[in-house]
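Throughout, a chain's letter reflects where its sequence line sits, starting with A, and its residues are numbered from 1.
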Amino acid sequence: MFESTKQTTALLRPKVWALTLLLATLTPAVAFAEGEALSQEHGNLLWTLIAAILVMFMQPGFALVEMGFSRAKNAGNILMKNLLDFSAGVPVFFLVGFGIMFGQDVAGLFGSSGFALSGVDPTTAGGQWDLTFLFFQSVFAATAATIISGGIAERTKFSAYIIVSVAVTALIYPISGHWAWGSLWGGDELGAGWLEAMGFIDFAGSTVVHSVGGWMALAGAIVVGPRLGKYSADGKAKAIPGHNIPLAGLGVFILWFGWFGFNAGSTTTVDGTIGYIAVNTAMAACTGALGAMIFAWIKHGKPDTSMSLNGALAGLVAITAGCYEVSPVGALIIGLLAGILVIISIEFIDQVLKIDDPVGASSVHGVCGVFGTIAVGFFAAPGYGDNAGLFYGGGTEIIVTQIIGAAAVSAWALGAGLALFTIIKLTIGVRVSQEEELKGLDITEHGMESYNGFQIFTNE
Amino acid sequence: MFESTKQTTALLRPKVWALTLLLATLTPAVAFAEGEALSQEHGNLLWTLIAAILVMFMQPGFALVEMGFSRAKNAGNILMKNLLDFSAGVPVFFLVGFGIMFGQDVAGLFGSSGFALSGVDPTTAGGQWDLTFLFFQSVFAATAATIISGGIAERTKFSAYIIVSVAVTALIYPISGHWAWGSLWGGDELGAGWLEAMGFIDFAGSTVVHSVGGWMALAGAIVVGPRLGKYSADGKAKAIPGHNIPLAGLGVFILWFGWFGFNAGSTTTVDGTIGYIAVNTAMAACTGALGAMIFAWIKHGKPDTSMSLNGALAGLVAITAGCYEVSPVGALIIGLLAGILVIISIEFIDQVLKIDDPVGASSVHGVCGVFGTIAVGFFAAPGYGDNAGLFYGGGTEIIVTQIIGAAAVSAWALGAGLALFTIIKLTIGVRVSQEEELKGLDITEHGMESYNGFQIFTNE
Amino acid sequence: MFESTKQTTALLRPKVWALTLLLATLTPAVAFAEGEALSQEHGNLLWTLIAAILVMFMQPGFALVEMGFSRAKNAGNILMKNLLDFSAGVPVFFLVGFGIMFGQDVAGLFGSSGFALSGVDPTTAGGQWDLTFLFFQSVFAATAATIISGGIAERTKFSAYIIVSVAVTALIYPISGHWAWGSLWGGDELGAGWLEAMGFIDFAGSTVVHSVGGWMALAGAIVVGPRLGKYSADGKAKAIPGHNIPLAGLGVFILWFGWFGFNAGSTTTVDGTIGYIAVNTAMAACTGALGAMIFAWIKHGKPDTSMSLNGALAGLVAITAGCYEVSPVGALIIGLLAGILVIISIEFIDQVLKIDDPVGASSVHGVCGVFGTIAVGFFAAPGYGDNAGLFYGGGTEIIVTQIIGAAAVSAWALGAGLALFTIIKLTIGVRVSQEEELKGLDITEHGMESYNGFQIFTNE
Amino acid sequence: MKLVVAYIRPECLNAVKQELFAKKIYNMSVTNVLGSGRQKGFTETYRGVVMEVNLLKKLRLEIGVNDDYAEQAVEAINAGARTGKEGDGVIFVLECAAAIRIRTQETGPAAMG
Amino acid sequence: MKLVVAYIRPECLNAVKQELFAKKIYNMSVTNVLGSGRQKGFTETYRGVVMEVNLLKKLRLEIGVNDDYAEQAVEAINAGARTGKEGDGVIFVLECAAAIRIRTQETGPAAMG
Amino acid sequence: MKLVVAYIRPECLNAVKQELFAKKIYNMSVTNVLGSGRQKGFTETYRGVVMEVNLLKKLRLEIGVNDDYAEQAVEAINAGARTGKEGDGVIFVLECAAAIRIRTQETGPAAMG
Ligand SMILES: Nc1ncnc2c1ncn2[C@@H]1O[C@H](COP(=O)(O)OP(=O)(O)O)[C@@H](O)[C@H]1O
Ligand SMILES: Nc1ncnc2c1ncn2[C@@H]1O[C@H](COP(=O)(O)OP(=O)(O)O)[C@@H](O)[C@H]1O
Ligand SMILES: Nc1ncnc2c1ncn2[C@@H]1O[C@H](COP(=O)(O)OP(=O)(O)O)[C@@H](O)[C@H]1O
């Protein structure tokens with residue numbers, strides 16, 4: 001009934017059709033001749049787009065983990081913070097952050113052009129790529145931003161959080177991002193950041209994205225102070241259990257799912273490496289969960305659910321820098337170590353430093369981000385990526401570079417975070433009142449409950 | 001150990017292998033020579049498939065939003081309605097709706113061939129495309145259908161809803177869909193609907209999909225009447241808070257995620273435009289959420305969670321028509337306006353018209369769908385898509401066409417909806433008994449509770 | 001402002017850029033000339049990767065369904081089991097299972113090489129494909145493993161479950177998997193399993209994956225025994241309602257979403273068949289849900305929510321074997337029958353056999369997996385796939401082969417499952433104490449509650 | 001002083017509150033309870049198994065009143081909670097030996113109001 | 001008339017109900033409570049921090065009975081709820097000054113049944 | 001013997017428990033309640049509609065004590081629950097006719113401790 005010539009027509013989009021009626025054959029560019037090949041450029045653009053969509057989906061992953069690990073009376077507030085940081089972050093990054101991160105380099109420190117992608121011509125292949133690249137980068141920026149809300153959950157003013165979100169996506173993340181990835185968009189023409197010029201390796205952002213978020217979260221947790229009742233009068237840490245572990249578990253799996261876009265998508269190219277990047281990503285997440293599960297079991301006598309979930313995330317954060325550089329066996333080891341490290345770190349920050357980070361954001365993203373970045377210097381495997389780490393006969397040079405890079409970015413994020421939160425504290429205030437905290441931020445900040453009708457036992 | 005020639009074999013699928021044993025080399029078509037290029041047709045088919053899968057995932061997004069925004073005692077019923085409308089909608093659209101929407105045109109009003117894709121040969125490239133196109137279109141049809149359940153939630157008989165679902169996917173949606181998109185499948189050969197012949201622009205379906213669902217939801221809400229206790233004796237609207245805001249929030253993010261398939265997938269082509277379509281989609285959703293958040297904050301003193309979530313959806317609905325035609329800056333503005341508009345509309349429908357739409361389906365999908373469609377006439381930007389809107393020196397012609405199109409489809413959906421719901425009301429009845437409504441539809445319609453064991457405070 | 005030559009540079013990944021600074025032009029392989037075509041190999045690799053990511057996402061789908069259908073006091077334990085089986089399964093399959101399933105064939109019974117993908121060179125196209133193929137297969141293995149946890153939920157020791165998980169992904173699944181799919185990786189060179197040599201058709205794994213999981217679940221349910229209070233003294237089955245139907249519903253939709261990767265991805269090739277495979281997958285899921293909904297309605301007077309959800313899964317399991325071989329109309333019928341069958345089977349196993357399978361894993365995956373496998377012999381349609389079933393004039397030969405294959409694999413899985421669970425029972429013990437079961441496994445096995453603060457009524 | 005304890009249908013709470021307010025009784029506490037009484041439970045089918053639900057959802061109302069208000073509280077509850085169908089519930093009146101309002105430290109009848 | 005109030009283990013409810021039914025006591029109301037008593041709480045570890053759980057989940061049973069049934073109700077609860085391990089709970093018997101069945105408006109002992 | 005029933009603010013429970021423990025009162029049961037009293041409810045806005053919330057979340061404490069401990073229990077509750085702002089709640093002391101500890105079958109005052 002239908003001839004095969006029809007297919008070409010069917011490929012036309014609505015608007016093309018409407019236009020065709022008016023302009024006849026004036027749009028040959030969009031209709032493809034039968035048998036024509038898909039270009040590598042369009043393949044790359046497709047993959048980058050799909051990967052960006054996967055990374056965007058990490059937003060609810062973060063929201064669920066953070067909600068699940070905190071109390072029912074603050075769930076809606078946490079959700080709003082995650083909605084806000086994405087909703088503000090993407091436009092702000094488009095208008096300001098992108099230019100700072102990827103624009104014309106100034107002394108290796110920040111970019112200075114490309115704001116709102118001005119000058120980009122969407123009718124050219126180059127311009128269409130630029131817009132796709134922007135989308136991919138903007139969801140990365142939003143990831144860095146959203147990590148922060150977990151560390152300061154259950155007590156921070158919503159208005160203060162808005163300022164933090166905007167500052168992170170406009171300036172703090174793009175500046176250190178420029179150091180490591182500044183030339184990714186404009187190449188030689190626009191110049192490189194100082195860390196990439198040194199050869200710093202952070203393939204998908206253990207340091208650039210996760211550490212920045214993690215250390216900002218730590219800075220926030222320090223300045224905002226612990227939740228009421230978190231530390232007893234004699235300074236002993238008390239547990240404040242999360243209210244919805246199934247939601248947190250779903251969140252971890254959603255993050256894991258999106259992380260394949262995060263890591264494998266960072267090629268922004270369809271080639272043969274995306275497969276093994278995904279394998280490495282999966283392996284490290286698995287052993288991260290296993291490492292945490294086993295370590296908690298040994299240490300506390302039970303395989304703790306929330307720690308095991310954190311372990312999977314720790315493995316994912318740690319493999320992000322080296323997913324292109326290490327072998328699957330290397331990934332297994334990196335993940336395992338990260339899974340153990342995250343527990344040690346959470347307990348150290350919570351019980352020794354006495355900093356109250358309700359979801360462990362600083363340990364998962366900050367500590368494991370740095371760990372994963374440095375691990376590249378040891379585990380980078382010949383045949384994978386372009387480097388050889390210490391364990392494969394490479395020298396210590398990469399390790400040194402990795403340490404410099406991780407330290408510089410961490411210092412920047414922590415310092416900028418402390419400064420930012422302190423300024424907010426001294427101006428509009430960073431913390432809700434004691435009464436608001438007791439009643440819960442859902443009611444007091446947003447005027448509604450998250451679980452209307454459910455009988456929830458609150459007691460502090 | 002393994003030679004690289006192995007890869008060709010590895011690409012063979014199970015069935016091919018089984019066959020190879022029997023038929024030796026009779027299937028050359030499916031094994032690809034090394035170095036062969038992926039054809040544009042297969043690239044398009046792949047992208048259309050992936051996009052359709054993303055759109056399919058919007059189904060649980062709708063279910064979660066609708067569940068979260070209504071009461072615990074009706075959650076399972078809402079879930080069942082969403083399961084039913086997809087489960088019935090996809091087969092019904094395949095058997096009936098597709099032919100009405102895309103078959104041989106009759107006077108620009110409806111199609112009349114292609115039922116159950118009869119005559120399509122799955123061994124040809126054209127036939128394989130047809131099946132993929134059907135899949136993509138069937139998830140769109142199911143989206144239109146599922147919007148309705150939100151507007152009539154918590155009081156409508158399940159049996160009545162089944163009839164509505166079938167009627168929408170078999171007739172109501174395909175007929176107006178034919179007007180705007182009728183030639184998308186068969187092109188010149190099968191003829192175009194009257195709106196596309198006029199040059200009506202609705203790239204991914206602000207009007208064709210969302211408005212149709214939204215106005216049907218409004219029609220249902222009118223005929224079914226408000227929930228018990230929704231309006232006091234003196235006609236004042238009362239709030240009936242949703243029971244699970246975390247689930248609703250997750251639903252919004254899932255919808256957002258799927259929407260990238262909805263909008264960028266509507267190219268059904270891998271080319272350079274899919275990237276900026278996604279950018280536009282993200283921008284409008286972000287400013288939609290921001291607009292609603294800020295507007296609610298100013299108006300009611302608090303950044304309302306449920307309104308902000310609705311705002312993101314409002315931005316998404318509004319950008320759907322123009323995502324291919326407008327610039328990212330245009331998308332930012334359209335989203336912002338939609339976010340404000342959705343609050344005004346929800347309050348107007350709820351408090352002035354006194355129509356009880358528990359989740360705001362008519363405002364989000366109906367009102368913002370129409371708004372977004374008309375906005376194309378103002379914001380269509382040269383360089384993006386093929387048109388210039390009023391703000392870019394284009395004339396008012398497009399605006400007029402857009403208004404005609406949006407009005408015609410809206411009138412059709414609202415009229416058909418009122419007729420359909422009224423007929424059901426007069427025959428099998430459209431509403432559960434008062435006692436059933438008080439007890440909740442989970443128990444009374446499906447014989448089970450959604451949250452067994454949880455203590456839930458019910459009180460009306 | 002930016003010339004189009006920039007795009008080529010922009011495509012370079014971080015590491016490449018860093019390298020470029022050091023090594024100048026030594027990496028020509030990764031930079032693509034403008035206008036170059038995407039190769040079919042890379043297209044296939046991309047699609048296989050995306051499909052694998054979708055299948056990975058089925059993990060939380062299973063977790064949610066199983067959590068939702070059991071009691072609140074065990075939700076975290078079920079989540080941990082799902083986290084564990086994936087986290088252990090993927091590395092174990094990489095190290096051991098893959099080689100057993102796809103390595104050098106031994107007598108058609110198992111493979112014996114390729115452990116940890118040793119010998120694979122990731123710098124070659126073949127090696128990169130191998131790693132991608134491994135990823136795809138490892139998420140399949142994890143799917144088989146995770147099915148089991150549902151059947152033995154709410155009473156099985158976590159340590160026992162770890163052993164089961166490892167055994168399944170290391171040996172039990174790979175052995176029968178080798179029978180049917182053994183040559184998928186190495187082709188002629190490494191030799192085929194005995195079932196594929198017979199021409200057994202199981203395109204995406206109704207039998208290979210789902211039945212294996214389902215029968216192992218049944219074996220576990222038999223050996224572990226029913227939950228306390230499941231059968232009264234006089235042997236009558238009692239209902240133990242699930243605690244969170246919204247979560248279970250979300251889980252079903254997530255599984256459905258991932259299933260498109262499972263089925264259409266099993267081509268591991270971008271060609272024209274992936275579209276209709278997705279259509280078939282959708283159709284069978286829809287009619288599976290409808291079939292169960294209607295059948296439950298007729299049988300018990302209400303359209304039962306949990307049964308309808310199971311029905312969708314039943315349709316999906318049943319179409320998995322034949323999704324490449326049958327027509328959309330065939331898929332509609334197969335799904336419908338599976339939806340009815342799953343209810344009959346659940347009630348039979350629960351009430352007649354008195355085996356307590358809390359989520360119906362054995363019926364959904366075991367029974368419907370076998371049904372779907374055999375159905376291929378009847379419904380395989382010319383034009384789709386490469387076979388003609390009985391209803392299309394093919395002989396009974398395929399049916400016989402299908403029955404042999406399904407029976408052999410089922411016997412293997414059930415037998416191995418009974419043996420494995422019995423050995424565990426006799427050694428470390430398979431079941432928690434009565435007191436632990438009453439208190440719930442969340443507290444007793446993992447030391448934490450899933451819904452802290454919620455008032456949950458527990459009573460048995 | 002008396003503590004009036006009533007078990008009522010959840011859907012009657014609003015009506016009962018209106019009646020109490022009409023009699024200027026504003027103080028009360030409400031709890032979720034599961035009750036069994038003359039109203040038989042019902043049977044549901046869950047996954048094909050018939051399930052007896054014999055603990056029904058009710059609300060428990062507690063109202064501390066002075067002796068002269070006890071009658072009125074009972075009347076108000078009766079007025080608001082009665083549907084005439086099985087399951088309407090019961091009212092118990094307990095003797096209250098002492099009452100203290102925490103904020104004001106009022107005791108006895110003064111604490112009740 | 002008496003109001004028998006008992007705090008029991010959640011897992012004993014079914015047994016208690018059976019015992020009560022055996023004595024033809026069908027009317028009761030059940031609430032979730034958190035209790036502390038002689039049974040020490042337990043410690044859990046949440047995210048590496050030792051956590052004292054000293055409010056344990058219990059059920060509260062309320063049974064309004066006529067004086068002659070009070071003994072029997074207490075006996076039935078004792079029979080069903082006793083495990084001999086710490087945490088079994090207590091039974092309090094309160095004096096009930098008046099009782100009204102809302103549906104029938106029966107009062108006094110007649111309202112209890 | 002007495003059954004002390006108190007309605008308090010949820011956030012005061014810990015303080016009350018400390019005070020009770022200081023007086024060697026360890027046994028108690030706690031329930032979620034929704035209460036209305038002198039403390040006015042508040043208004044929220046949900047989806048643009050003003051919403052009156054007049055049932056506030058409170059906790060109900062029940063403590064069975066011997067007569068000589070009743071005073072002390074009341075004192076402890078007063079000490080821990082009083083903020084001086086509306087909504088602090090009330091304490092009712094009910095007469096308890098009999099008490100049985102299920103595990104030990106101790107009765108009367110001995111059952112209370
Ligand atoms: N004697 C009693 N003791 C405790 N609670 C009771 C008693 N009688 C009734 N109730 C409570 O009241 C509810 C309604 O009682 P029911 O006997 O069903 O009402 P009706 O008398 O109208 O048939 C019960 O579910 C239970 O919660
Ligand atoms: N004096 C009391 N007042 C109120 N509730 C009590 C009292 N004594 C016990 N309970 C309730 O009974 C439950 C079990 O008491 P417990 O002392 O642990 O039992 P046992 O006497 O068997 O050790 C407590 O958790 C509490 O809910
Ligand atoms: N007469 C009463 N009967 C039952 N519960 C009461 C009574 N008075 C107060 N309550 C409970 O105590 C809580 C606090 O009472 P409220 O009158 O607001 O305190 P305050 O006296 O400090 O203003 C109420 O919400 C209610 O739960």
Side-chain angles (χ1 to χ4, degrees), chain A residues 1-2 4 6-7 9-11 13-15 17-19 21-22 30 32 35-38 42 45-46 49-50 52-53 56-57 59-60 63-64 67 75-76 79-80 83-84 86-88 90-91 94 116 121-123 125 128 131-132 134-135 158 247 446-455, chain B residues 37-40 43-44 47 72 119 124-126 129 133 181 183-187 189 196 199 201 203 241-246 249-250 253 257 260 267-272 274-276 278-279 282-283 286-287 289-290 302-305 308 324 328 332 383-386 454-458:
Chain A
M1 176 190 177
F2 304 115
S4 68
K6 172 182 49 67
Q7 196 203 358
T9 323
L11 297 172
R13 282 136 305 163
K15 58 84 208 170
W17 171 252
L19 210 71
L21 288 174
L22 302 166
V30 293
F32 296 97
E36 204 176 302
L38 182 66
H42 282 167
L45 195 148
L46 176 64
L49 172 63
I50 292 173
I53 297 172
M56 175 268 155
F57 197 48
Q59 290 291 324
L64 293 176
M67 284 196 280
L79 176 65
M80 279 296 273
L83 181 67
L84 179 276
F86 192 71
S87 296
V90 168
F94 166 64
D121 180 351
T123 60
Q128 290 171 341
L131 281 150
T132 310
L134 160 74
F135 182 44
F158 188 63
L247 277 198
H446 308 285
M448 68 189 291
E449 285 175 284
S450 288
Y451 297 100
N452 202 278
F454 283 90
Q455 291 277 303
Chain B
L38 181 68
S39 71
Q40 180 74 37
N44 295 346
W47 169 230
T124 64
W129 167 254
F133 182 76
W181 290 353
S183 70
L184 274 187
W185 183 49
E189 202 181 320
E196 48 182 342
I201 303 165
F203 187 71
H243 85 284
N244 203 326
I245 303 303
L250 174 59
F253 277 111
F257 171 66
F260 290 112
T267 60
T268 65
T269 305
V270 181
D271 65 13
I274 56 179
Y276 80 69
V279 170
M283 292 295 164
C286 288
T287 52
L290 288 181
K302 302 249 179 188
D304 183 276
T305 312
S308 306
Y324 172 78
L332 285 174
Y384 300 85
D386 313 295
F454 282 90
Q455 292 276 302
I456 297 174
F457 191 82
T458 50

Residue selection (most heavy-atom pairs with chain B, distance under 4.5 Å) from [options]:
options	answer
A:Q59, A:M448, A:M67	A:M448
A:L49, A:L64, A:N452	A:N452
A:L134, A:L83, A:I50	A:L83
A:A88, A:A63, A:A116	A:A88

Worksheet item: Of the non-hydrogen atoms in B:T305 and B:I245, which two are nearest, and what is the gap between them?
Response: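 Minimum heavy-atom separation between B:T305 and B:I245: CG2-CG2, 3.7 Å.
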Discussion item. Please classify the contact between B:Y276 and chain A as side chain, backbone, both or neither, with a heavy-atom cut-off of under 4.5 Å.
Written reply: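 Both backbone and side chain.
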Worksheet item: Which region of B:L38, side chain (C-beta onward) or backbone (N, CA, C, O), has a non-hydrogen atom less than 4.5 Å from a non-hydrogen atom of chain A, or is it both or neither?
Response: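 Both parts, backbone and side chain.
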Discussion item. So, using ring-ring contact (aromatic ring centres under 6.0 Å, His included) as the criterion, who are the partners of A:F94 when residues are at least two apart?
Written reply: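 Partners of A:F94 under the ring-ring contact (aromatic ring centres under 6.0 Å, His included) test: none.
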Worksheet entry | B:F260-A:F135 aromatic ring centre distance below 6.0 Å |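 Distance test on ring centres: under 6.0 Å, yes.
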Fill in: Part of A:L79 lying under 4.5 Å from any heavy atom of chain B
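The side chain, not the backbone.
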Fill in: Which atoms of A:L46 approach chain B - backbone, side chain, both or neither, heavy atom under 4.5 Å
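It is both, since atoms from each part get that close.
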Discussion item. When you measure from the side chain of A:Q455 to the backbone of B:I456, do you find a donor-acceptor pair of N or O atoms at a distance under 3.5 Å?
Written reply: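 A pair under 3.5 Å: no.
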Worksheet item: Are the side chain of A:S450 and the backbone of A:G76 linked by a donor-acceptor contact shorter than 3.5 Å?
Response: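 Pair found, side chain donor or acceptor close to backbone of A:G76.
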Worksheet entry | Most chain A-contacting option - heavy-atom pairs closer than 4.5 Å, from B:P246, B:A278, B:S308 |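 The answer is B:P246.
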Fill in: Criterion side-chain contact (heavy atoms from CB on, under 4.5 Å) on B:Y384 and A:L131, from CA distance to verdict
CA-CA 12 Å; B:Y384 300 85; A:L131 281 150; 4.1 Å; yes
Discussion item. Walk me through whether B:T269 and B:W47 qualify under side-chain contact (heavy atoms from CB on, under 4.5 Å).
Written reply: CA-CA 7 Å; B:T269 305; B:W47 169 230; 5.8 Å; no
